[in-house]
*Asks:* 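This is the structure, below, for whatever I ask next.
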Amino acid sequence: MIALVDCNSFYCSCERLFRPELAGKPVVVLSNNDGCLIALTPEAKALGLEMGTPLFKARSLIEAHGVEVFSSNYTLYADLSSRVVATLRTFAEEMETYSIDESFLKFSPGVTDYEKLGRTIKKTVKQHTGIPVCVGMGPTKVLAKLANRLAKKRPEYGGVMIMPEGREREEILRSVEVGAIWGIGSQLTARLSAIGCLSAWDLAAMNEEATRRVLSVTGARIAAELRGISCLEIEEIAPAKRNIVTSKSFGQAVTCKTEMAEVVATYMSRAAEKMRAEGTVTSCIRVFVETNHFQSKDPQWSGAASVTLDTASNYSPELITASLRALEACWREGYRYKKAGVMLLDLHDAGAVQTSFTTLGPEQQAKRDAAMRMLDAVNKQHGRGAVTVAAAGLAPAWRMRREKCSPRYTTRWSELREVKA
DNA sequence: TCTGGGGTCCTAGGACCC
DNA sequence: TCTGGGGTCCTAGGACCC
């Protein structure tokens with residue numbers, strides 16, 4: 001049996017944890033740059049607010065009902081996520097942390113009462129971390145995902161749902177739209193409904209040849225999982241990332257190249273830091289710049305350029321130099337840029353670097369590695385950006401908007417919650 | 001005025017090889 | 001009038017997820 005444990009309105013729950021007076025009140029959390037609504041409590045959804053809506057379109061509803069609004073505070077969410085994961089780990093024999101708010105758990109044999117186990121997990125996570133979760137269980141990942149969705153959507157389950165077998169399962173699958181299945185998005189839903197496949201049961205009942213033809217191999221796997229045949233393994237150790245992207249839109253449009261160079265240097269520093277944490281190196285980087293495509297009256301441009309390195313590297317100064325060369329190649333003067341990004345492609349293990357005539361000697365390489373370790377350690381301890389490269393500039397105007405950000409309650413001594421007693 | 005960010009996997013088609 | 005067959009590798013684009 002596999003369980004999927006999913007935190008309820010996770011970002012909102014994190015914000016509420018330190019603002020208990022918000023329990024039962026509508027709360028939303030915004031995307032980067034305070035752009036869109038990306039997390040909503042049920043109370044906020046009940047007012048008609050929807051995931052993905054731009055803030056400016058939701059403003060009147062938010063103000064009319066006194067909805068509490070937060071900028072996203074990933075430092076806080078990541079820390080609380082790790083606490084939830086640590087609690088879940090005590091219940092599972094195998095576990096996969098699927099996203100910041102979801103984990104798959106596999107139990108040791110001998111469990112007899114899954115319903116009871118599910119309730120214990122839910123209660124314990126709440127008690128240890130303050131975060132409410134729902135638990136869904138089934139013999140495959142897709143069925144566990146579905147059980148979790150039902151646990152969340154159908155009040156009769158009380159937040160814990162165990163996928164039944166046989167006739168009962170058939171009835172449940174018949175009552176679920178095919179688009180509600182994990183891995184079946186809007187395009188595939190349209191393709192399926194065109195051939196009369198409307199419910200989860202219809203998909204499970206399709207023959208393999210047909211699912212493969214209509215949905216390709218990924219779809220065929222999903223259909224098999226719906227039948228209870230496991231095709232998706234629990235991945236306890238996340239494989240190293242193959243690509244790393246750092247991109248963000250700006251609080252204020254960027255129009256001059258020197259400013260854009262600061263953006264690119266800043267994003268590259270961050271991307272390189274992520275890469276070093278993964279223990280990988282890159283031999284190909286890409287930079288892109290974009291105007292605001294929502295502003296259709298403005299002239300539009302989106303450019304991108306790649307640079308290949310002779311020897312794969314994770315040394316920030318070298319990567320920044322390369323990224324600025326890429327910027328030279330994709331920059332066009334005279335536009336109002338809204339977004340830029342850097343991509344690290346073709347990542348490999350740092351221990352298996354292909355050398356060339358220009359590769360550094362071991363001593364010089366060791367010096368670079370030590371410098372980067374020091375840089376990362378300082379920034380980890382003192383907060384992101386405590387030490388940066390000069391090319392990143394100071395106090396930039398393009399930095400993202402975060403007007404309603406809560407304190408880093410759990411990771412900064414100076415931002416601890418104060419309680420009067 | 002204001003519209004997120006970061007990933008993965010699969011397929012089709014072109015380039016290239018013998 | 002006639003113009004092979006069978007591979008591999010790479011990339012772009014589309015689909016999905018949270």
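Protein chains get the first letters and strands the later ones, always in sequence-line order, with residue 1 at the start of each. On a predicted model such as this, the values are computed, not experimentally measured, just so you know.
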*Asks:* I'd like to know if Glu96(A) and Lys106(A) make a salt bridge, using a cut-off of under 4.0 Å between side-chain N and carboxylate O.
*Replies:*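 Looking at Lys106(A) together with Glu96(A), the answer is no, because their closest N to O distance does not fall below 4.0 Å.
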*Asks:* Is it the case that the side chains of Arg154(A) and Ser175(A) hold a donor-acceptor pair, with the cut-off being a distance below 3.5 Å and no angle test?
*Replies:*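 Yes - a donor-acceptor pair under 3.5 Å links their side chains.
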*Asks:* Will you find, in the side chains of Asp79(A) and Thr411(A), an N or O donor that is under 3.5 Å from an N or O acceptor?
*Replies:*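 No, Thr411(A) and Asp79(A) have no side-chain donor paired with an acceptor closer than 3.5 Å.
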*Asks:* From CG of Leu344(A) over to P of dG6(B), roughly how many Å is that when rounded to an integer?
*Replies:*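 It works out to 11 Å between those atoms.
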*Asks:* What is the separation between atom CD on Gln295(A) and atom P on dT1(B), rounded to the nearest whole Å?
*Replies:*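 So the CD-P distance, Gln295(A) to dT1(B), works out to 7 Å.
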*Asks:* Side chains of Tyr157(A) and Glu115(A): any donor to acceptor distance under 3.5 Å?
*Replies:*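 Short answer, no.
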*Asks:* With heavy atoms under 4.0 Å as the rule, sort Arg221(A) into base, sugar-phosphate or nothing.
*Replies:*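 Arg221(A): backbone/sugar contact only, no base atoms under 4.0 Å.
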*Asks:* Among Phe250(A), Trp398(A), Trp331(A), which residue meets the ring-ring contact (aromatic ring centres under 6.0 Å, His included) test with Tyr337(A)?
*Replies:*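 The option that passes is Trp331(A).
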*Asks:* What's the NZ-P distance between Lys297(A) and dT3(B), to the nearest Å?
*Replies:*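 Computing the Lys297(A):NZ to dT3(B):P distance gives 12 Å.
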*Asks:* Would you classify Ser72(A) as touching base, sugar-phosphate or nothing, given that sugar-phosphate means primed atoms plus P, OP1 and OP2, and contacts are heavy atoms under 4.0 Å?
*Replies:*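 Since no nucleic acid heavy atom lies under 4.0 Å of Ser72(A), the category is nothing.
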*Asks:* What does Arg242(A) touch in the nucleic acid at a heavy-atom separation under 4.0 angstrom: a base, only the sugar-phosphate, or nothing?
*Replies:*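 Contact class for Arg242(A): sugar-phosphate only.
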*Asks:* Categorize Asp34(A) for me: base, sugar-phosphate, or nothing, with a 4.0 angstrom heavy-atom threshold over every strand shown.
*Replies:*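 No contact.
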*Asks:* Tell me which of Arg212(A) and Ile244(A) sits closer to the 5' end of DNA chain B, going by the nucleotide each one is nearest to.
*Replies:*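 Result: Ile244(A).
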*Asks:* Over how many whole Å does the gap from Met275(A) atom CE to dG6(B) atom P extend?
*Replies:*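 Roughly 15 Å, once rounded to whole Å.
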*Asks:* Going by atom types alone, do Arg402(A) and Ser71(A) pair a side-chain donor with an acceptor below 3.5 Å?
*Replies:*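 Their side chains do not contain a donor-acceptor pair, so the 3.5 Å distance test is not met.
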*Asks:* Should Glu328(A) and Arg325(A) count as an ion pair when the cut-off is N to O under 4.0 Å?
*Replies:*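 Salt bridge flag = no for Arg325(A) with Glu328(A).
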*Asks:* Provide, to the nearest angstrom, the distance between the CG atom belonging to Asn32(A) and the P atom belonging to dC2(B).
*Replies:*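 Rounded to whole Å, this separation is 17 Å.
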*Asks:* For Ile100(A), answer base if it contacts any base atom (sugar-phosphate contacts may also be present), sugar-phosphate if it contacts only those atoms, and nothing otherwise; contact means non-hydrogen atoms under 4.0 Å.
*Replies:*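 Nothing: the residue Ile100(A), judged by heavy atoms under 4.0 Å, touches no strand.
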*Asks:* Just to be sure I understand the rule, does Ile184(A) reach a base, reach only the sugar-phosphate, or reach nothing, if contact means heavy atoms closer than 4.0 Å?
*Replies:*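 Sugar-phosphate contact only.
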*Asks:* May I have the distance from Phe288(A) (atom CZ) to dG5(B) (atom C1'), rounded to whole angstrom?
*Replies:*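 Rounded to whole Å, this separation is 10 Å.
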*Asks:* Examine dG6(B): is either OP1 or OP2 under 4.0 Å from a nitrogen or oxygen in the side chain of Lys274(A)? Give yes or no.
*Replies:*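 Yes, such a contact exists.
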*Asks:* Side chains of Lys241(A) and Thr280(A): any donor to acceptor distance under 3.5 Å?
*Replies:*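 The answer is no; no qualifying pair exists.
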*Asks:* Would you kindly give the CD-to-C1' distance between Glu96(A) and dC17(C), to the nearest whole Å?
*Replies:*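 It works out to 12 Å between those atoms.
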*Asks:* Which nucleotide in the set dG6(B), dG4(B), dC18(C) lies at the smallest distance from any side-chain heavy atom of Glu102(A)?
*Replies:*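 Selected nucleotide: dC18(C).
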*Asks:* If you look at every strand shown and take non-hydrogen atoms under 4.0 Å, does Thr53(A) touch a base, only sugar-phosphate, or nothing?
*Replies:*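 Counting heavy atoms under 4.0 Å across all strands, no contact is made by Thr53(A).
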*Asks:* Would one find a side-chain N or O of Gln252(A) under 4.0 angstrom from OP1 or OP2 of dC2(B)?
*Replies:*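 No, outside the criterion.
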*Asks:* Among the candidates dC17(C), dG6(B), dT3(B), find the nucleotide nearest to the side-chain atoms of Pro54(A).
*Replies:*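 Minimum distance to the Pro54(A) side chain belongs to dT3(B).
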*Asks:* If you only use heavy atoms from C-beta on, which nucleotide in dC18(C), dG5(B), dT3(B) is closest to the side chain of Cys36(A)?
*Replies:*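 Side chain of Cys36(A) sits closest to dT3(B).
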*Asks:* When the distance from NZ of Lys338(A) to P of dT3(B) is rounded to whole Å, what number comes out?
*Replies:*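 Taking NZ of Lys338(A) and P of dT3(B), I get 4 Å after rounding.
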*Asks:* Determine, step by step, whether Tyr11(A) and Tyr74(A) satisfy the ring pair (Phe, Tyr, Trp, His ring centres under 6.0 Å) criterion, reporting the C-alpha distance in whole Å, the side-chain angles of both residues, the deciding distance to 0.1 Å, and the verdict.
*Replies:* CA-CA 9 Å; Tyr11(A) 298 168; Tyr74(A) 287 101; 5.5 Å; yes
*Asks:* Does dT3(B) have OP1 or OP2 sitting under 4.0 Å from an N or O in the side chain of Asn292(A)?
*Replies:*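 Affirmative; the distance criterion is met.
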*Asks:* Please encode protein proximity along nucleotides 7-13 of chain C as a string of B, S and -, counting only heavy-atom distances under 4.0 Å.
*Replies:* -------
*Asks:* Under 4.0 Å from OP1 or OP2 of dC17(C): is there any side-chain N or O of Lys145(A) that close?
*Replies:*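 No, Lys145(A) has no side-chain N/O under 4.0 Å of OP1/OP2 on dC17(C).
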*Asks:* Answer with base, sugar-phosphate or nothing: what part of the nucleic acid does Asn33(A) contact at a heavy-atom distance below 4.0 Å?
*Replies:*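 It contacts nothing in the nucleic acid.
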*Asks:* When you match Pro239(A) and Met51(A) each to their closest nucleotide on DNA chain B, which lands nearer the 5' end?
*Replies:*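 Result: Met51(A).
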